[in-house]
Amino acid sequence: MKLSRTLFATLREVPSDTEVASHALMARAGFIHKLAAGIYVYGPMMWRVLRRVEGIVRDEHDRVDCQEMLMPAVQPKELWAESGRWDRYVNDGILFHFHDRRGSEVCLGPTHEEVVTDFVRSRVQSWRQLPVILYQIQTKFRDEIRPRFGLMRGREFIMKDAYSFDVSEEAMKQSYATMREVYRAVFTRCGLRFTPVQADSGAIGGCGSEEFMVDADSGEDAIAVCRVSGYAANIEKAVSIIPPPPAAPASVLMHKEATPGARSCEDLLRMFPDLPLARMLKTVIYQASWGDRQQTVAVMCRGDRQLNEVKILNHLGALKLELADEAVVRAATGAAVGFAGPIGLKDGVRLLADASVEGVQGFLCGGNETDTHWLDAWFGRDLAQPETADFGLVQAGDATVDGGGAIEITRGIEVGHIFQLGTKYSEAMQATYNDEQQKKQPIWMGCYGIGVSRIAAAAIEQNHDENGMIWPLPIAPYAVLLVHMKPGDEAQDALAQELHDALEAQGVDVLWDDRPKVSPGAKFKDADLVGVPLRIVVGRDAAQRGVEWSERARPGEKEALSAEAARDRAVELCRAAGRRA
RNA sequence: CGGGGCGUAGCUCAGCCUGGUAGAGCGCUGCGUUCGGGUCGCAGAGGCCGGAGGUUCGAAUCCUCUCGCCCCGACCA
């Protein structure tokens, strides 16, 4: 493709609404165009990348006999009522939904468990038809609370979603294991460095799930990893062995202390410098909701630890958990925010405790009275230990539960998530099969998602420098950038044309910078920005059939080659990378 | 949803406080020049200053409302 025939325009300056490298570079290079918050036009270059990613995804799925299909984006509410998810998604506010002309409510699909389950139940009757794995690559719609970072978290994005259907739990696990390998292969082929982690299942539900995290400091997710044991989990899910509680002090009667203005552990530490943080028990007030029902929940936690709201949410089986606002805190404690404690909470407030409080005695806690805390409180003496479970957030340095090693917290971009759904959807929606005994059984399901457009963004996050993107060859928009230094020069024109044709003939896609009257510096700057991995410069040695070879990933390493040698090298590298025309 | 910030040329921004009818750089067009890391010169095109209302002789500038975009998400701990 001749560059002069594309709508190629680059920006020298970083657009003001970009925050992360991938967004800034895609915008500067003209790959994307924003229409609205979290909604983008994928320009021709971007689309080539996305198609490459899709190609790899298809290839790896088809290899294990998954079957591609396409489901509608518009979905009727009735289907979602069957699974019981309509309320949750509407509640979370992420569902795009509206009424059609007849007044029926519909939504734009944020995911397709319901539709695929409906499809499968309409044709599966016998155990003989299973297992089967279906997938599609399609635009998904989620009215994210806060779209950001360009393609990283959009409201409309391209996703590959796959669904497996099996006769038993064991068979489901088999499919799940197969898909895990498919995912590893996909991300590896896309040139990404990633970490599979244990994960929370969230709104999708089911029993087990793992996420595939692309290692990047700009990632939105925190993950707990251990280099020694190999443990890796999303921080929402991670568990650890925390430092033990401090020894109990001499038993003293519990007493109230005035603590004016001391709303945080830090404030209290200043007032009681001898009291270790681990003997201050904080009590956080939350408002939990189950859709129609609401309850105020107080959760205790050791002063040197933090709470994990996902664990609390899961324990409660609630739809939503929010920190209580000031009015709710006052209603629950009778005090200003900052003085909540376990003793004397108003009726109807459910009290929970994180496992970190276990064994802590002689502690400080809020007095449920403004500017007041209790000191030297003892469980068993002054109050009963409340319902206790693991609600804690793991911290760097914690020991892993699987033995050896300490936990480290790193960041990642979630590009894939795989779930064992079990029979959650099949039971709710009566997706069954007849077994050998003619008995109806629920189908065991799994679901598997890959953020196709997010892969592209993640690839840039991982592969860029101060001058631009550095595409991994398998997903690059073009394999070769042919930099034609001086169009109009007879020798250069002839050689560039010849090289372009020869490469294309061998199945190597070439972007040919044939722009006349663009200075060499500008051509090189644009070349770096766009990040096409292989570069062949046709310039002053064209008459001798000499070109300059370089690779975007190795700036500064330039090599003088014959046109034939450069062509052969490009062909060979593309073959090695599994890149086909 | 709550809090904060910003909407002026395709992009990055100045002008706004102290109203007098719009500027720069980049980009774009033309001519010339240059030709291996954003050449240089000359000449141009391009904006109802997000929208609506109000105040005023006069509004990009002041006031109200509205829409859009960006950032943060309660430190309670």
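Between R545(A) and E498(A) there is a salt bridge, since a side-chain N of the basic residue sits under 4.0 Å from a carboxylate O of the acidic one. Ion pairing between D514(A) and K523(A) fails under the 4.0 Å rule for side-chain N and carboxylate O. For the pair E144(A) and R155(A), the salt-bridge criterion is not met [side-chain N within less than 4.0 Å of a carboxylate O]. Between E551(A) and R554(A), at least one side-chain nitrogen of the basic residue sits less than 4.0 Å from a carboxylate oxygen of the acidic one, meeting the salt-bridge criterion. The pair R515(A)-D526(A) meets the salt-bridge criterion, since a charged nitrogen lies less than 4.0 angstrom from a carboxylate oxygen.
Among the atoms of the strands shown, base atoms are found under 4.0 Å from some heavy atom of A324(A).
Contacts between residues 366-392 of chain A and RNA chain B, counted as heavy-atom distances below 4.0 Å, involve no residue at all.
Put simply, NZ on K523(A) is 17 Å from P on U34(B), counting in whole angstrom units. Atom-to-atom, CG of D17(A) to C1' of G10(B) comes out at 14 Å; the value is rounded to the nearest Å.
Taking only side-chain atoms of E19(A), from C-beta outward, the nucleotide of C71(B), U34(B), G36(B) with the closest atom is C71(B). Out of C13(B), U34(B), G37(B), the shortest distance to the side chain of S16(A) is found at C13(B). Minimum atom distance to the side chain of V537(A) is reached by G36(B), of the listed C69(B), C75(B), G36(B). When each of G37(B), G73(B), C72(B) is scored by its nearest atom to the side-chain atoms of I145(A), the top-ranked nucleotide is G73(B). In this structure, of G36(B), C72(B), C70(B), it is G36(B) that holds the atom nearest to the side chain of E548(A).
Proximity of the aromatic rings of H33(A) and Y40(A) is defined here by a centroid distance below 6.0 angstrom, and this criterion is not met.
A donor-acceptor contact under 3.5 angstrom links the side-chain atoms of D528(A) to the base of G37(B).
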Show every donor-acceptor pair shorter than 3.5 Å between a side-chain atom in residues 529-538 of chain A and any protein atom, with sequence neighbours excluded, or say none if there are none.
residue, atom, partner, partner atom, Å
R535(A), NH1, D528(A), OD1, 3.4
R535(A), NH2, D528(A), OD1, 2.7

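Across L281(A), L393(A), D398(A), a single residue satisfies side-chain contact (heavy atoms from CB on, under 4.5 Å) together with R305(A), and that is D398(A).
Under the 3.5 Å distance criterion, the side-chain polar atoms of D325(A) are matched with a main-chain donor or acceptor of V328(A).
Among pairs with a residue in residues 326-345 of chain A, those fulfilling salt bridge (Lys or Arg N to Asp or Glu O under 4.0 Å) read E326(A)-R330(A), at least two apart in sequence or across chains.
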With the criterion being N/O to N/O and under 3.5 Å, what pairs connect the protein with nucleotides 22-28 of chain B, and how long is each?
residue, atom, partner, partner atom, Å
G25(B), N2, E13(A), OE1, 3.0
G27(B), OP1, R12(A), NH2, 3.3

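For I409(A), the side chain to side chain contact (heavy atoms under 4.5 Å, CB included) partners two or more places apart in sequence, or in a different chain, are A222(A), A224(A), I235(A), V394(A), A396(A), I407(A).
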Per-nucleotide protein contact string for nucleotides 39-45 of chain B, where B marks a base within reach and S marks sugar-phosphate only (heavy atoms under 4.0 Å, - for neither): S------
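Residue P147(A) is the one, among E326(A) and P147(A), whose nearest nucleotide of RNA chain B lies closer to the 5' end (criterion: closest heavy atom).
OP1 or OP2 of C70(B) sits under 4.0 Å from a side-chain N or O of K34(A). Of the side-chain N and O atoms in R148(A), one or more sit less than 4.0 angstrom from OP1 or OP2 of C72(B).
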